[in-house]
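Quantities reported herein were computed from a predicted structural model and do not represent experimental measurements.
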Amino acid sequence: TLDDEGLAGGIAGGTGDTAGAATTATGTLTFAAGADGLQGIALQPYTGKLGAEDVTSTWDSATNTLTISSAARGAIMTVAVDQTTGQYTATLIKPVLHVAGADENDATLALNYVVTDKDGDTASSTLTLTVDDDMPVANTVVSATVLDDEAQKAVGTGNAGGTGDV
């Protein structure tokens with residue numbers, strides 16, 4: 001689980017909050033390459049919704065990294081995959097624009113990946129990531145008391161009826 005709360009300006013807690021504030025998540029993609037051996041693992045391009053926002057992605061085969069972006073805000077998150085072990089690291093770069101609601105509305109992202117063995121056979125599966133929402137906090141406002149200078153008898157006689165007097 002990735003968490004908006006860990007980003008700059010994130011707000012911890014809230015109704016339905018998942019504990020923690022991680023902006024990176026790691027794990028291992030499950031696969032078996034068989035006797036042919038592993039040629040590679042590739043996350044498939046994703047186009048769709050991430051929370052309430054339309055996103056697209058690009059796979060960089062040189063760095064084995066999928067970058068998920070929106071047209072309006074640029075890169076939102078990346079997912080890098082180790083080609084030998086299948087270990088992945090997902091990194092949240094910007095907060096996800098979650099769907100509207102009164103509580104923390106987690107967003108999920110299902111990314112397909114393809115494993116290819118050395119003679120070109122393929123198998124596919126899905127990596128599902130969750131991004132925990134942060135929610136705003138409304139604080140109680142304490143009203144201020146206006147102190148009339150006529151009440152300050154210990155200092156002097158005050159300024160009864162002066163300009164701007166309350």
Side-chain angles (χ1 to χ4, degrees), residues 1-140:
T1 298
L2 299 162
D3 202 330
D4 285 348
E5 295 168 7
L7 296 170
I11 302 170
T15 304
D17 184 39
T18 300
T23 57
T24 60
T26 60
T28 303
L29 302 176
T30 56
F31 66 91
D36 294 331
L38 178 66
Q39 178 179 316
I41 305 167
L43 291 170
Q44 299 302 291
Y46 176 84
T47 299
K49 292 279 189 188
L50 176 56
E53 190 168 19
D54 291 322
V55 296
T56 59
S57 66
T58 55
W59 173 252
D60 182 338
S61 59
T63 62
N64 301 308
T65 302
L66 185 74
T67 301
I68 298 147
S69 306
S70 77
R73 300 188 307 130
I76 298 170
M77 68 186 307
T78 61
V79 184
V81 179
D82 181 290
Q83 292 295 298
T84 304
T85 64
Q87 174 132 11
Y88 68 85
T89 301
T91 304
L92 189 61
I93 300 168
K94 292 181 181 158
V96 169
L97 300 180
H98 296 266
V99 296
D103 297 334
E104 298 215 2
N105 302 307
D106 295 348
T108 57
L109 180 64
L111 299 173
N112 294 322
Y113 64 94
V114 174
V115 177
T116 306
D117 71 11
K118 289 190 177 176
D119 71 358
D121 297 325
T122 62
S124 53
S125 192
T126 304
L127 165 64
T128 301
L129 299 169
T130 301
V131 182
D132 185 39
D133 195 3
D134 67 345
M135 59 186 285
V137 175
N139 296 313
T140 303

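With sequence neighbours excluded, the residues that form a salt bridge (charged side-chain N to carboxylate O under 4.0 Å, His left out) with D54 are K49. Taking A107 as the reference, L50, V96, H98 meet the side-chain contact (heavy atoms from CB on, under 4.5 Å) condition, with sequence neighbours excluded. Residues that satisfy the side chain to side chain donor-acceptor pair (under 3.5 Å) test with T56, not counting sequence neighbours, are absent from this structure. The side-chain contact (heavy atoms from CB on, under 4.5 Å) check on T28 picks up Q87, with sequence neighbours excluded. In this structure A42 satisfies the side-chain contact (heavy atoms from CB on, under 4.5 Å) test together with Q44, W59, sequence neighbours excluded. Legend: residues meeting side chain to side chain donor-acceptor pair (under 3.5 Å) with T65, ordered by chain and number and at least two apart, are T63.
Counting only residues at least two apart or in different chains, side-chain hydrogen bond (donor to acceptor under 3.5 Å, both in side chains) contacts with residues 111-120 comprise N112-T126. Screening residues 86-96 for salt bridge (Lys or Arg N to Asp or Glu O under 4.0 Å), with sequence neighbours left out, gives no hits. Among residue pairs with one or both ends in residues 55-71, none qualify as salt bridge (Lys or Arg N to Asp or Glu O under 4.0 Å); sequence neighbours excluded. Applying the salt bridge (Lys or Arg N to Asp or Glu O under 4.0 Å) test to pairs two or more places apart or on separate chains, none has a residue in residues 24-43. Residues in residues 75-85 take part in no salt bridge (Lys or Arg N to Asp or Glu O under 4.0 Å) pair, two or more places apart or across chains.
L109 has its side chain out of reach of V131: every pair of non-hydrogen atoms, C-beta onward, lies at least 4.5 Å apart.
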### Task
Determine, step by step, whether L38 and F31 satisfy the side-chain contact (heavy atoms from CB on, under 4.5 Å) criterion, reporting the C-alpha distance in whole Å, the side-chain angles of both residues, the deciding distance to 0.1 Å, and the verdict.
CA-CA 10 Å; L38 178 66; F31 66 91; 3.8 Å; yes

#### Entry: side-chain contact (heavy atoms from CB on, under 4.5 Å) assessment of Y88 paired with L111
CA-CA 12 Å; Y88 68 85; L111 299 173; over 6 Å; no

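Nearest heavy-atom pair, V114 versus S124, reported as atom, atom and distance to 0.1 Å: CG2-CB, 4.1 Å. When all heavy atoms of L66 and S57 are compared, the closest pair comes out as CD1-OG, 3.6 Å.
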Donor-acceptor pairs are to be reported for all side-chain atoms of residues 72-80 against protein atoms at under 3.5 Å, with residues two or more places apart or in another chain.
residue: R73; atom: NE; partner: E53; partner atom: OE1; Å: 3.4
residue: R73; atom: NE; partner: E53; partner atom: OE2; Å: 3.1
residue: R73; atom: NH1; partner: P95; partner atom: O; Å: 3.1
residue: R73; atom: NH2; partner: E53; partner atom: OE1; Å: 2.8
residue: R73; atom: NH2; partner: P95; partner atom: O; Å: 2.7

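The structure places CG of L92 at 11.5 Å from OG1 of T1, a figure rounded to the nearest 0.5 Å. With rounding to the nearest 0.5 angstrom, the OG1 atom of T108 is 9.5 Å from the CG atom of L129. In this structure, the separation between CG on L43 and OG1 on T58 is 11.5 Å, given to the nearest 0.5 Å.
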